[in-house]
Amino acid sequence: MRVEVVADEAALAIRAADLVCDAVRAKPATRLGLPTGNTPIPAYAEIARRVAVGEADFSRADIYGIDEFAGVARTTPGTNSMFYRQYVHFGQRALHCPNPSATEPDEHIRAFADALRRAGGLDLCVLGIGVNGHIAFNEPGSPRDSRARVVELTPASREAHATTFGSLDAVPSHGMTLGVADLLEARRIVVLVSAARKATVVRAAIEGAQTAGVPASWLQSHGGVTWLLDAAAAAALSRGT
Ligand code: GLP
């Protein structure tokens, strides 16, 4: 596991874009998993800028969503599908997202994960982390061997999305997610974390015990993980980085 610390959010976006663009340059037909959330938005803007000026080419890359809400139309503001449309202005040719309006969401997300596996699996999966240690929608309590499934969202996760859905009541109670085991099958993983409010959970995930209580701690068992942190998110780490 590598831990890279950069000064601030702006530097995080540049370094994240470097890592993703390097992977796509090395393998143009990369299968790339991308998270939603506020953290990666500046990195997506930087990647889009590089694509627009011809510094990067994502025309052969396949982009996969790693989670989605369940029980709402795809065009509902706040869904991950809408997020990708809004912020991922590169590689849109091959954007694979679970369908939030699937009538059998459990079956749907399992089929989504199976199709990804049959396609060869993720070459690179970028992840964010929730303040409670969740990765994708694997909330605390998610075992290491958890697979793609429907999950009940925690109050904290629903509150985090109240603004984009318009109100807390409008946020779906359930989501669909690739499981921890599915995410760990990615060949490489880059975790993007900024902000002081994540410092405690970053320390637990990197230095604490591997436990379902902090799903991001399962990443310790993967040999190809890079944690990319800004200084505020790295502030509670005890070891030198
Ligand atoms: C969301 C997503 C995660 C994301 C996380 C962090 O709920 N399901 O994939 O990494 O929360 O979001 P943020 O970057 O806004 O803190």
Side-chain angles (χ1 to χ4, degrees), residues 1-23 32-47 49-50 66-67 80 83 87-88 124-144 153-164 177-178 180 183-184 186 188-241:
M1 173 165 58
R2 277 175 59 81
V3 179
E4 278 188 47
V5 182
V6 296
D8 53 22
E9 278 185 44
L12 190 85
I14 301 292
R15 184 67 186 130
D18 287 348
L19 291 174
V20 173
C21 291
D22 285 352
L32 178 63
L34 292 181
T36 61
N38 292 314
T39 311
I41 291 174
Y44 296 161
E46 172 60 15
I47 295 170
R49 189 196 64 77
R50 293 182 192 189
I66 55 176
D67 57 11
N80 292 356
F83 175 95
Y87 297 110
V88 179
L124 172 63
C125 188
V126 180
L127 293 175
I129 179 175
V131 280
N132 63 5
H134 75 229
I135 45 176
F137 271 148
N138 293 282
E139 298 279 19
S142 299
R144 190 190 182 287
L153 301 176
T154 60
S157 287
R158 293 189 63 240
E159 273 158 30
H161 291 91
T163 309
T164 48
T177 188
L178 294 182
V180 174
L183 296 173
L184 290 172
R188 283 185 59 210
I189 295 173
V190 173
V191 196
L192 305 182
V193 200
S194 59
R197 68 194 174 89
K198 303 247 178 102
T200 306
V201 77
V202 162
R203 179 179 180 162
I206 295 177
E207 298 182 351
Q210 294 183 45
T211 166
V214 182
S217 67
W218 296 127
L219 298 170
Q220 292 173 30
S221 64
H222 188 292
V225 173
T226 300
W227 286 85
L228 188 51
L229 312 172
D230 74 355
L237 291 177
S238 60
R239 62 181 199 193
T241 52

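Worth knowing before you read on, the calculation uses all heavy atoms, side chains too, and leaves out hydrogens, waters and symmetry mates.
- Between P40 and P35, the shortest heavy-atom distance links the atoms CG-O, 3.8 Å.
- Counted by atom type alone, E207 and S238 present one or more donor-acceptor pairs between their side chains at under 3.5 Å.
- For the pair V180 and P143, the minimum side-chain heavy-atom distance is 4.5 Å or more.
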Kindly determine whether K198 and D230 satisfy side-chain contact (heavy atoms from CB on, under 4.5 Å), including the steps that lead there.
CA-CA 10 Å; K198 303 247 178 102; D230 74 355; over 6 Å; no
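- Residues V6 and L229 are not in side-chain contact: their nearest non-hydrogen atoms beyond the backbone lie 4.5 Å or more apart.
- Side-chain contact check for T164 versus H161: some heavy-atom pair is nearer than 4.5 Å.
- I189 and L124 get closest at one heavy-atom pair: N-CD1, 4.3 Å.
- Residues C125 and A186 share a closest heavy-atom pair of CB-CB, 3.7 Å.
- Of all non-hydrogen atoms in A204 and S217, the two that sit nearest each other are O-CB, 4.4 Å.
- One side chain, T154 or E139, offers a donor N or O that lies under 3.5 Å from an acceptor on the other.
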Apply the test side-chain contact (heavy atoms from CB on, under 4.5 Å) to residues V20 and V126: give CA-CA distance (whole Å), side-chain angles for both, the deciding distance (0.1 Å), then the verdict.
CA-CA 8 Å; V20 173; V126 180; 3.9 Å; yes
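- Shown are V193, L219, V214; of these, the side chain to side chain contact (heavy atoms under 4.5 Å, CB included) with I129 is made only by V193.
- Classification of the F83-Y87 ring pair by plane angle, with boundaries at 30° and 60°, yields tilted.
- Remark: R2 CZ to L228 CG distance equals 9.5 Å, nearest 0.5 Å.
- The shortest non-hydrogen separation linking I66 to G33 is CG2-CA, 4.2 Å.
- Of all heavy-atom pairs between A196 and A232, the closest is N-CB, 3.6 Å.
- Separation of atoms CG (L19) and CD1 (I14) is listed at 12.0 Å; rounding is to 0.5 Å.
- Within 6.0 Å of the CD atom in Q210, the count of heavy atoms belonging to other residues, nucleotides or ligands exceeds 12.
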Passes side-chain contact (heavy atoms from CB on, under 4.5 Å), W227 versus M1? Steps please.
CA-CA 8 Å; W227 286 85; M1 173 165 58; 3.2 Å; yes
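- The closest donor-acceptor contact from the side chain of W218 to the backbone of A205 lies at 3.5 Å or more, if one exists at all.
- A distance of 10.0 Å separates CG in L12 from CD in E4, rounded to the nearest 0.5 Å.
- Side-chain atoms of N138 come within 3.5 Å of backbone N or O of L178 as a donor-acceptor pair.
- For the residue pair R188 and T226, no side-chain donor N or O sits within less than 3.5 Å of a side-chain acceptor on the partner.
- The shortest distance between side-chain heavy atoms of L237 and I206 falls below 4.5 Å.
- Atom OG1 of T211 is separated from atom CD of Q220 by 10.5 Å, given to the nearest 0.5 angstrom.
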Check against side-chain contact (heavy atoms from CB on, under 4.5 Å), I135 and L183
CA-CA 9 Å; I135 45 176; L183 296 173; 4.1 Å; yes
